[in-house]
Amino acid sequence: MFFGKVKQNIMVLTISNLVIGLIEFVFNMYLSRILGAEGLGVLSLVSPINALFLSFMTEGLVVTISKISAKHQHDGNYSAMASNIRISTCFSFFWSLCLTGLVWITATPLATWFLGDSNLVYPILATCPLMLLMSISNIVKGHFLGLAKIKIPAMINISEKLLRFPILYCLIRFFLGAGNFHPVTLVYLCYAIGEMQSVLFLLIYYKKTKPAAPRIPVTPKEISRTLKPLVLGATPICLTQCLLEFVNAFSSVIVKSRLCSIGYTAAESLALLGKYKGMVFPLMNYPMILVGSACSIVVPRIATMVSSGKSHFARRLIKRSLLLAFTIGCITCMVFWSFAEDMGVFFYGREDLGPMIRLAGVCSPLLYITATTTSLLISIGKEAQSFRNSLLQQLLLLIFLILFTGVPKLNIYGYILAIALSNTVLLLQNLYALRREQRLWKRA
């Protein structure tokens, strides 16, 4: 009965995420038509910076809130659940205000000194309204995920992604030639406007579905009781994701610099970076939606099983998650290897993406199962171990990027090789940590 419910939730979330992923993929194709390969390269430089700020503010909240809400539901403690959402939302919003100020202070130095282009100040600043809105939406999304209330939030998310097309069209039409707006600035403003309607409908749905329960007074003791597990659970995940985004931002700069050092112009380097990170990566990430959907459902479930001593059921769920990730990766590999050139022409109208797509497909099983093991570590409360493993992986990635992307025969393909080698080390570390967890393997 329990596994049937888990499978049903995974199926619902997977279908909704596939629809969302398809919309985002089509939107990425739309962006490639507007920005071109070089414009996507600029977006690849800016987006990790903005994602880094967003990670400082929101990362880890969804997973942690889902685990806390699932526990409160399991215990029937609805008063504590409502108090947790209320206090967590206020904390998240005020934290986002602080980070917004940090963005305003650092935008010019980041654009001028780190990215080497003062015109990219406004694309960095454009993430500020998005940060404020996501500070609210991520708390509510995590809450519904923990309660396995997926359908309505998924529909709201789909509507947000669909709205991006008319919103971006209007922004491009009316504002692109009206000032010094870089197209990437308008892309992030488009994201913020879409997120605004998402926040509104999520809050309405939360109000309608909130169980009737006595209200717990907001006292310093209650605030401390609420925020302590939230901060302890979210901080390692946040640091891990911030590390990933920092390395992502730094790696884009490294790759561009290394390509220039072997004879490519700045425009050619950005075009190569745009082809890989703006075109090939979204292709590889689309099947990842299936893996991510399964992980989103099983993380709070495994956490509940482990805390209640049901290690046998937790082991079964872990093994099935790993098998699912490996199967999806193998199917992706076969499809990418067989239809690489056709996919490049069909999706982007380019005939030079075939080798990149084929190599990305070969890496898919490795990347999917590694991402799953990272989520599984979080599910059993090993966030700190996950952070340490990711720290080493990201350090190795930077070293491999410097070594391989400066080799003329490898050039941009050195990026793929660096990702494959660093993720192999991460996978081995994660599997070893899972195997050492005694709560999973002890006999009932």
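Please read all numbers here as calculations on a predicted model, not as lab measurements.
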Next item on the list: For the pair S422 (side chain) and I419 (backbone), establish whether a donor and an acceptor sit closer than 3.5 Å, ignoring hydrogens and angles.
Entry: yes
Note to self: Between T100 and S96 (side chain of the first, backbone of the second, donor and acceptor by atom type, cut-off under 3.5 Å), is there such a pair?
What the structure shows: yes
Check: Testing S69, P211, S66 for side chain to side chain contact (heavy atoms under 4.5 Å, CB included) with L147, which one passes?
Finding: S69
Margin query: Please give me the minimum heavy-atom distance between L168 and L186, naming the atom from each residue.
Written below: CD1-O, 4.0 Å
Next item on the list: Compare all side-chain heavy atoms of E341 with those of E351 and state whether any distance is below 4.5 angstrom.
Entry: no
Checklist line | Heavy-atom side-chain contact between Q394 and L397 under 4.5 Å | finding: yes
Notebook entry, point to check: Can you find a heavy atom in the side chain of K275 that is under 4.5 Å from one in the side chain of L353?
Noted result: yes
Check: Which of parallel (below 30°), tilted (30 to 60°) and perpendicular (above 60°) describes Y206 and H143?
Finding: perpendicular
Margin query: Are there over 12 heavy-atom neighbours, none belonging to K161, within less than 6.0 Å of that residue's NZ?
Written below: yes
Check: Between the main-chain N or O of S88 and the side-chain N or O of S92, is there a donor-acceptor pair closer than 3.5 Å?
Finding: no
Margin query: Does any part of the side chain of I380, heavy atoms only, come nearer than 4.5 Å to the side chain of L376, both counted from C-beta?
Written below: no
Notebook entry, point to check: Taking the six-membered ring for Trp, are F339 and F346 ring centroids under 6.0 Å apart?
Noted result: no
Next item on the list: Could you check whether the rings of F281 and Y415 sit parallel, tilted or perpendicular, using 30° and 60° as the cut-offs?
Entry: tilted
Note to self: So does T370 get a backbone contact from the side chain of T373, meaning a donor-acceptor N/O pair under 3.5 Å?
What the structure shows: yes
Notebook entry, point to check: Does the separation of the ring centres of Y368 and F326 fall below 6.0 angstrom?
Noted result: no
